[in-house]
**Student:** 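Have a look at this one before I ask anything.
Worth knowing before you read on, the calculation uses all heavy atoms, side chains too, and leaves out hydrogens, waters and symmetry mates. Throughout, protein chains are lettered first and strands after them, A, B, ... in sequence-line order, and every chain is numbered starting at 1.
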2 protein chains.
Amino acid sequence: MSQRRPVTAQDVARLAGVSQSAVSRCFTPGASAAPQMRERVEAAARSLGYRPNLIARSLITRRSRIIGVALGYLHNQFYPAVLEALSEALQAIGYQVLLFTAPQEGDADPRIADILRYQVDGLVLASASLSSRLAAECRASGVPVVLFNRTTAGDDGTESVSGDNEAGAAMIAAFLVAGGHRRLAYVAGLENSSTNRDRQRGFCAALAAHGLAPPRIVAGGYDHTQAQRAAALLFASGDPPDAVFCANDHMALAVMDAARHSHGLRVPDDVSIIGFDDTAPASWPSFSLTSFSQPVAEMVAATVGLLVARLADPDAPARQLVLPGALVVRGSARLPARGLVTEAGRRIWRPQ
Amino acid sequence: MSQRRPVTAQDVARLAGVSQSAVSRCFTPGASAAPQMRERVEAAARSLGYRPNLIARSLITRRSRIIGVALGYLHNQFYPAVLEALSEALQAIGYQVLLFTAPQEGDADPRIADILRYQVDGLVLASASLSSRLAAECRASGVPVVLFNRTTAGDDGTESVSGDNEAGAAMIAAFLVAGGHRRLAYVAGLENSSTNRDRQRGFCAALAAHGLAPPRIVAGGYDHTQAQRAAALLFASGDPPDAVFCANDHMALAVMDAARHSHGLRVPDDVSIIGFDDTAPASWPSFSLTSFSQPVAEMVAATVGLLVARLADPDAPARQLVLPGALVVRGSARLPARGLVTEAGRRIWRPQ
DNA sequence: TTTCCCCTTGCATGCGTATGCAATAAGGAA
DNA sequence: TTCCTTATTGCATACGCATGCAAGGGGAAA
């Protein structure tokens with residue numbers, strides 16, 4: 001029963017007594033084929049266990065129906081959630097995901113450059129450790145590229161989908177100030193990432209606008225262990241903060257754990273902690289983390305939308321989409337006196 | 001600069017003044033080519049931005065260098081960790097991962113069957129919701145298949161890599177008994193999954209061997225929300241357990257959160273909780289979850305090993321690998337009087 | 001110088017499928 | 001019945017690359 005040589009359209013054609021092209025047409029939606037012949041061919045295909053070779057098809061059609069997705073650091077729950085949603089959405093419209101994981105350290109570009117050799121129809125770059133140069137290179141070779149949760153510095157024509165990092169961070173600043181905090185800290189993500197840059201800028205600018213001193217900034221590198229170290233720096237110092245904004249949930253959970261279990265602090269009584277992304281663990285009772293939500297479903301839908309639009313018209317103007325989020329209020333930060341509303345089952349903060 | 005028609009080996013050959021086959025040989029390791037010509041060709045390739053078309057190459061070599069990986073439910077941190085390790089390991093030896101996500105509900109087989117049309121060189125099935133029929137079908141078409149963290153009921157010749165679910169669960173039973181627990185409960189995973197079957201069997205058999213009554217069993221479906229409901233069933237009952245073994249960490253975290261925050265229980269004073277997998281959050285101070293570790297790195301390495309072995313020799317005998325784990329002891333379960341040892345930085349339990 | 005051998009390189013072909021074109025069949029209108 | 005239209009199907013080719021085969025070339029050994 002074990003097929004050593006895979007069944008080809010030729011084999012099916014022979015068995016059904018038709019030509020190979022007839023077989024091909026039976027598997028091509030919209031092609032002209034008589035019902036009677038189609039039935040014969042399908043019966044033959046079934047009995048042989050024929051499966052069209054998508055590799056060969058791709059060679060002709062110049063469409064692989066494969067989308068490359070580059071990711072790094074799946075320990076941050078945000079990315080598995082994104083990946084699952086993206087894969088589902090793409091599978092639903094007949095595409096598959098070719099996964100590229102970026103190594104933690106070192107230059108990921110060389111290995112990722114292999115993507116293009118697989119003739120992917122499109123590319124989603126969701127790793128902060130990938131250079132903008134790579135994105136530009138992909139665009140140059142005519143492959144639609146969408147940056148996910150990341151943007152390029154100058155508008156170089158690369159499409160992107162991201163949350164509103166700057167506004168979100170600014171809202172967090174306002175929320176903390178309204179909650180009466182005065183000694184703020186920021187646990188930063190990767191220094192050269194656009195998300196960190198935007199979140200830090202939004203946070204600092206908003207604090208300044210409220211007349212507060214700049215926050216103390218410590219590096220967390222979007223990493224759990226580094227964030228623990230950052231927490232130690234903050235909480236063991238002579239002047240510990242009364243509120244910490246962490247550039248993502250993944251670090252916020254580490255900081256919260258460190259605050260409680262290594263430094264004997266109560267959250268939010270002694271220190272308020274806020275994250276970014278609103279990943280699943282944020283809502284777990286152990287953490288009850290107040291966090292600015294990134295609308296994963298919408299971001300994924302937008303990403304797929306950009307890809308299909310560009311596949312349909314390669315010359316469509318590049319768009320940089322920024323999707324709004326909401327500050328989901330839970331128990332990890334002192335509450336301001338007003339502005340809390342409940343919407344779609346979540347408690348969110350909407351000032352004024 | 002935007003290349004509409006991609007650069008082919010023909011284009012490079014023309015520019016370098018050689019034949020297309022010469023170009024091909026320059027990109028084929030081990031092929032015969034004079035250094036001088038190779039240099040000319042590489043220069044031409046570089047100036048044109050040539051990238052060999054792996055789709056076309058696959059058609060000839062009948063090797064796509066793509067491994068299909070079928071997963072479901074990435075919310076359980078175990079799987080992102082596996083996926084990342086698997087992708088890294090495969091990329092390191094020149095393979096890429098084509099990802100298939102199984103929908104939560106319904107039959108995943110039809111969509112997954114598409115995998116074979118992509119001519120994957122191998123297949124890793126790590127979703128409990130995939131039928132054994134699918135695995136058999138893949139094997140029949142000559143594609144190496146490895147079941148990951150799952151086995152087939154009868155030894156039907158499908159290769160698999162899994163942790164020692166039965167022994168691990170038995171060890172957990174012994175650990176809890178040694179810790180003085182008497183009223184045990186089991187939060188089950190998906191009923192028809194091999195991991196759940198083995199863990200439940202090992203747990204119950206060991207309890208019986210220790211002369212204890214069978215544990216109370218509630219369904220958790222490997223799902224966070226279902227596990228919360230299971231916890232409510234257990235803790236709100238008239239006879240709450242003094243120890244709960246959850247079929248994986250993902251559910252254990254939910255159960256622990258529910259115990260503490262919904263039912264006012266102290267862990268481990270009022271109830272001991274043990275998980276399975278030893279995922280990253282288990283070691284976070286908030287949980288400090290005692291858990292039977294699955295050796296992800298070794299399991300991934302073994303999986304890759306099985307794949308490459310089978311690629312080299314399709315007729316090699318199928319092997320079902322079971323890798324040993326260890327009971328990593330933390331603070332979520334009362335400690336037995338003896339048997340605790342520290343090894344490689346982890347505290348583990350090794351009876352007698 | 002001759003002979004032999006090996007290293008290079010081009011030619012030709014094929015991988016499995018899609019598709020333009022032409023040929024044939026079928027059916028309808030006049 | 002005849003002619004035209006439309007649907008169906010086969011033929012031939014191309015997609016981009018790898019590879020067996022043969023031819024050419026250069027060097028070493030005799």
**Student:** State which residues pass side-chain contact (heavy atoms from CB on, under 4.5 Å) with Arg117(A); sequence neighbours excluded, sorted by chain then number.
**Tutor:**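 Partners of Arg117(A) by the side-chain contact (heavy atoms from CB on, under 4.5 Å) criterion, ordered by chain and then number, come out as Asp114(A), Arg51(B), Pro52(B), Leu54(B), Arg57(B).
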
**Student:** Which nucleotide, dC17(D), dG16(C), dG10(D), lies nearest any side-chain atom of Ser19(A)?
**Tutor:** dG10(D)

**Student:** Taking side chain as C-beta onward, heavy atoms only, is Ser47(A) less than 4.5 Å from Leu15(A)?
**Tutor:** yes

**Student:** Starting at CZ of Arg57(A) and ending at P of dG16(D), how long is that distance when rounded to a whole Å?
**Tutor:**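 Distance check: Arg57(A) CZ to dG16(D) P gives 18 Å.
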
**Student:** Going by the angle between their ring planes, with limits at 30° and 60°, are Phe78(B) and Phe148(B) parallel, tilted or perpendicular?
**Tutor:** tilted

**Student:** Between Ile55(B) (CD1) and dG14(C) (C1'), how many Å, whole number?
**Tutor:** 18 Å

**Student:** Figure out the CG/C1' separation between Asn53(B) and dG16(C), and round it to whole Å.
**Tutor:** 14 Å

**Student:** Which listed nucleotide (dT8(D), dT8(C), dT17(C)) is nearest to the side chain of Ala34(B)?
**Tutor:** dT8(C)

**Student:** Quick one: which of Val120(B), Leu86(B), Leu123(B), Val124(B) gives a side-chain contact (heavy atoms from CB on, under 4.5 Å) with Ile67(B)?
**Tutor:**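 Only match with Ile67(B) under side-chain contact (heavy atoms from CB on, under 4.5 Å): Val124(B).
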
**Student:** Leu83(A) versus Leu99(A): any side-chain heavy-atom pair under 4.5 Å?
**Tutor:** yes

**Student:** Can you identify which nucleotide, out of dA18(D), dT8(C), dT19(C), has its nearest atom closest to the Gln20(B) side chain?
**Tutor:**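 Selected nucleotide (nearest to the side chain): dA18(D).
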
**Student:** Are any side-chain N or O atoms of Arg150(B) and backbone N or O atoms of Ser193(B), one a donor and one an acceptor, separated by less than 3.5 Å?
**Tutor:**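 Absent.
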
**Student:** Given atom CG of Leu59(A) and atom C1' of dC17(D), what is their separation to the nearest angstrom?
**Tutor:** 8 Å

**Student:** Considering all heavy atoms of both residues, which atom of Arg62(B) and which atom of Pro6(A) are nearest to each other, and what is their separation?
**Tutor:**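 For Arg62(B) and Pro6(A), the tightest heavy-atom pair comes out as NH1-CD, 4.1 Å.
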
**Student:** Start at the 5' end of DNA chain C and walk down; is the nucleotide closest to Ala56(B) or to Ala33(B) reached first?
**Tutor:** Ala33(B)

**Student:** In this structure, how many angstroms lie between the P atom of dC17(D) and the CZ atom of Phe27(B), rounded?
**Tutor:**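 Distance, rounded to whole Å: 9 Å.
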
**Student:** What string of B, S and - do you get for nucleotides 21-27 of chain C 5' to 3' if you count protein non-hydrogen atoms under 4.0 Å?
**Tutor:** -------

**Student:** Quick one: label Val18(B) by what it contacts on the DNA or RNA (base, sugar-phosphate, nothing), any heavy atom closer than 4.0 Å.
**Tutor:** sugar-phosphate

**Student:** What about Ser21(A): does its side chain form a donor-acceptor pair under 3.5 Å with the base of dC11(D)?
**Tutor:**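 Result: at least one qualifying N/O pair found.
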
**Student:** Just compare dC15(D), dT19(D), dT19(C) and give me whichever is closest to any side-chain atom of Arg62(A).
**Tutor:** dC15(D)

**Student:** Side chain of Thr8(A), heavy atoms from C-beta onward: which of dA18(C), dT17(C), dG16(D) has the nearest atom to it?
**Tutor:** dT17(C)

**Student:** Nearest heavy atom decides the nucleotide; on that basis, is Ala22(B) or Ile60(B) closer to the 5' end of DNA chain C?
**Tutor:** Ala22(B)

**Student:** What is the distance, to the nearest angstrom, from the CD atom on Gln10(A) to the C1' atom on dG14(C)?
**Tutor:**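 So the CD-C1' distance, Gln10(A) to dG14(C), works out to 12 Å.
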
**Student:** Write down the atom of Gln320(B), the atom of Ser160(B), and the distance for their closest heavy-atom approach.
**Tutor:**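 Closest pair (atom of Gln320(B), atom of Ser160(B), distance): CG-OG, 3.3 Å.
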
**Student:** Find the distance Leu54(A):CG to dC15(C):P and express it as a whole number of Å.
**Tutor:**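 Atom CG in Leu54(A) sits about 19 Å away from atom P in dC15(C).
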
**Student:** May I have the distance from Gln36(A) (atom CD) to dA7(D) (atom P), rounded to whole angstrom?
**Tutor:**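 Roughly 17 Å, once rounded to whole Å.
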
**Student:** Taking OP1 and OP2 of dT17(C), is either one under 4.0 Å from a side-chain nitrogen or oxygen of Tyr50(A)?
**Tutor:**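 Indeed, a polar side-chain atom of Tyr50(A) lies that close.
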
